[in-house]
Amino acid sequence: MARLAATLLASALFIGQAAAAEPLKLGFVAPMSGAQAEYGLQMMNGMKTYMAQNGDSVAGREVEIIVKDSGGPNPDVAKRLTQELIVRDKVDFLVGYGFSPNAFAAAPLATDSETPLIIFNAATSSIPTKSPFIARVSMTLAQHAYGIAKWANGEDIKTVYTLYADYAPGRDANAQFTKIFTEGGGEIVGEIGVPLSSPDFGPYMQRIKDAKPDAIFMWFPSGELANTMLKAYRARGLDDDGIVALGTSDLVDDNSLDSMGEDAVGLITAAHYSAAHDSELNKAFVKAYDEVSGGSPRPNFMGVAAYDGLAAIYHVTEELGGDVSDGKKVMELLTGLTFESPRGPIEISAEDRDIVQNIYIRETKDTGEGLYNIEFETMPMVVDPGKD
Amino acid sequence: MPLTLPRRGLFALEILFWIALAASFFVFPDRLYLLTQILIAALFAVSLDIALGYAGILTLGHAVFFGMGAYAAGLLAKAGWAEPLTGLALAFVLCGLVAYALSVMIVRAGELTQLMVTIAVGAIVVEIANQATPITGGSDGLQGISMWPVLGAFDFDLWGKTAFVYTFVVVLALFIVVRRMLQSPYGLALKGIHGNRKRMYALGSPVEGRLRFAYAASAAIAGVAGALLAQTTEFVGLDTLSIDRSAAVLIILVLGGTGRLYGGIVGAIVYMVVHDFFADLSPEFWMFWLGLFLMAIVMIGSGGILGGLSRLVRSERS
């Protein structure tokens, strides 16, 4: 009898231990294949960098990342993968989400299952309002557009022509820039929405050149087309006419900046992160990241967002002693969380769980070790201006 | 020497096939979303089969109707009437009518012209949906759809149980209609037009009218498939209209076998399951393995999976 009791006790203890050692599961939904595969790679590297620096377990639980490929903007696929991560893999956190439609589609599932969902990129302002279980550690496009418009107001720039990709993010960027710039006394002399599919920028640039504005605000999603737009700006000689080029980090993404060459030098852009950000923490981050990625690509805003996302998750898990089963408690701790990131101080807003962070104005320079965005002005702790 | 199957055996096989599909509900209770999306892809592929496999209309723009159905059902729900069956009916009627109007252009064109026209229509519709952001949500997608319970009793749940059963019943019901339609003299006439159009003219068959009806029916069913996706995911993105989706459904149908009724369904099952398997195995490089798999299937012979099977097993009829 005593032996039976001892066996029972031993097995109970064993079960207890096994439960404590359950891995902490992160369901990671991001573009891993296709044209935007670098998004997923940046995020993956960012997470691996944090784990390399801080260990791959937290509060006694080993961190397990379950990778799911959403491809491009595929809301139905993203929703299915999210649902399976919740009901089948029983993940503790949902992370990633490169594209806004994917995040929008997943939002109701986070609410229904009370699973915390940490956005690593999707940048449409309204995303965190779609579920109380969403927190964003990346950025909003409106923050960038706000930054560059404010800066232009402070300079000798009175008239701006805007050129943007004619789909939701492009229109948002344009609307936000226009709002801030005109409120600050500037004038928009014209705007052109360019179709997203294989545009020819030449004629548009010529039209803008003829209008002789002080500056041009350009927005296209980072990648091939943004580069093409920039080339057209140079080729038509807008720079020779003294028309200043303004943009957001999409124009000079760290991921591809080095391959853009001369065309990018001298551009003024607004963003929340540059690989050249001058801080000890960032230097350590870039070094560790390079070890993970093998030196190429260098970290960009998505890498740093994933890194910070894991920092937030580690913090909350530690705080709760490893028991993150109550999504509401997790969100309570995430809300209002402030910490130092490689990009500078950040806060997950107590108001709406959106990111609050410094926006930097940078100039793209050839540092001798390649092209970098060098920050020269800081707008401290910018709250997303795009939600009204 | 191919196996020979008695005619009644073939019918029993069909019944068995559908029972197996239904049973997947119990076998894979945590994969119901995948199963639901397989069923939706299957219905979409069957709809394409009517136009492509039976009527011989070459199209690379069938996602136009899939997406139109999705937006119709989504917008109706957002406008305040979120009853699922009404959404399906709206998608069916709307897509059928639009396709019937468009079919004037399509049935008169040659094969390459058909491809061109359907691609062009697709590009226009995508851009309209992109520009009409206040209505469609543009590239952010149509959000905030919340469906009422099916028949007022079954709520759409997190596990996707309602979504699966609802989709299964709708797909089965429509499939029975399509099966009846294609096995009727009308279906035979379609096959005749596909095989030898001039001869059908000579026989006095109203070729154009038949083709236009086939195209409209095909579009109406594609619309229902889209509406099912909108209702079960409660979201509609621009991707529902995209040429990528048109191409994917074409691959699914060719993989399964065109003009064989079950080709679309078998293709959807194999394609989606293999896709899911490879994507899990290798999130970065699954496209390579999937591509290799598709090439291997094509090498086996024409007619897709069902074409290959038909060389092994024959029914008494043929």
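Throughout, a chain's letter reflects where its sequence line sits, starting with A, and its residues are numbered from 1. Just so it is clear, the values below take in all heavy atoms, side chains as well, and ignore hydrogens, waters and symmetry mates.
A side-chain donor from one of S113(A) and T115(A) sits under 3.5 Å from a side-chain acceptor of the other. Side-chain contact annotation: N45(A) with S293(A), donor-acceptor N/O pair under 3.5 Å absent.
For the options P31(A), A105(A), S100(A), heavy-atom pairs under 4.5 Å to chain B are most numerous at A105(A). Comparing D172(A), D166(A), N74(A) by heavy-atom pairs within less than 4.5 Å of chain B, the highest count is held by D166(A).
The number of heavy-atom neighbours closer than 6.0 Å to CH2 of W148(B), taken from other residues, nucleotides and ligands shown, is above 12. The 12-atom threshold is not exceeded at CZ of F285(B), counting heavy atoms of other residues, nucleotides or ligands nearer than 6.0 Å. Open room surrounds CD1 on I135(B); 12 or fewer heavy atoms of other groups in view lie less than 6.0 Å from it.
For A37(A), no part sits under 4.5 Å from any heavy atom of chain B, backbone or side chain. For F235(B), the part lying under 4.5 angstrom from a heavy atom of chain A is the side chain only. Residue contact with chain A, scored on non-hydrogen atoms closer than 4.5 Å, involves the side chain of L229(B) exclusively. Contact annotation for P73(A): only backbone heavy atoms (N, CA, C, O) come within less than 4.5 Å of a heavy atom of chain B. Contacts of E284(B) with chain A are made by both backbone and side-chain atoms, with heavy-atom separations under 4.5 Å. For D244(B), no part lies under 4.5 angstrom from a heavy atom of chain A. Heavy atoms of D157(B) lying under 4.5 Å from chain A are absent altogether.
Aromatic ring centres of Y307(A) and Y289(A): separated by at least 6.0 Å.
Between G72(A) and N102(A), the closest heavy-atom pair is O-ND2, 3.2 Å.
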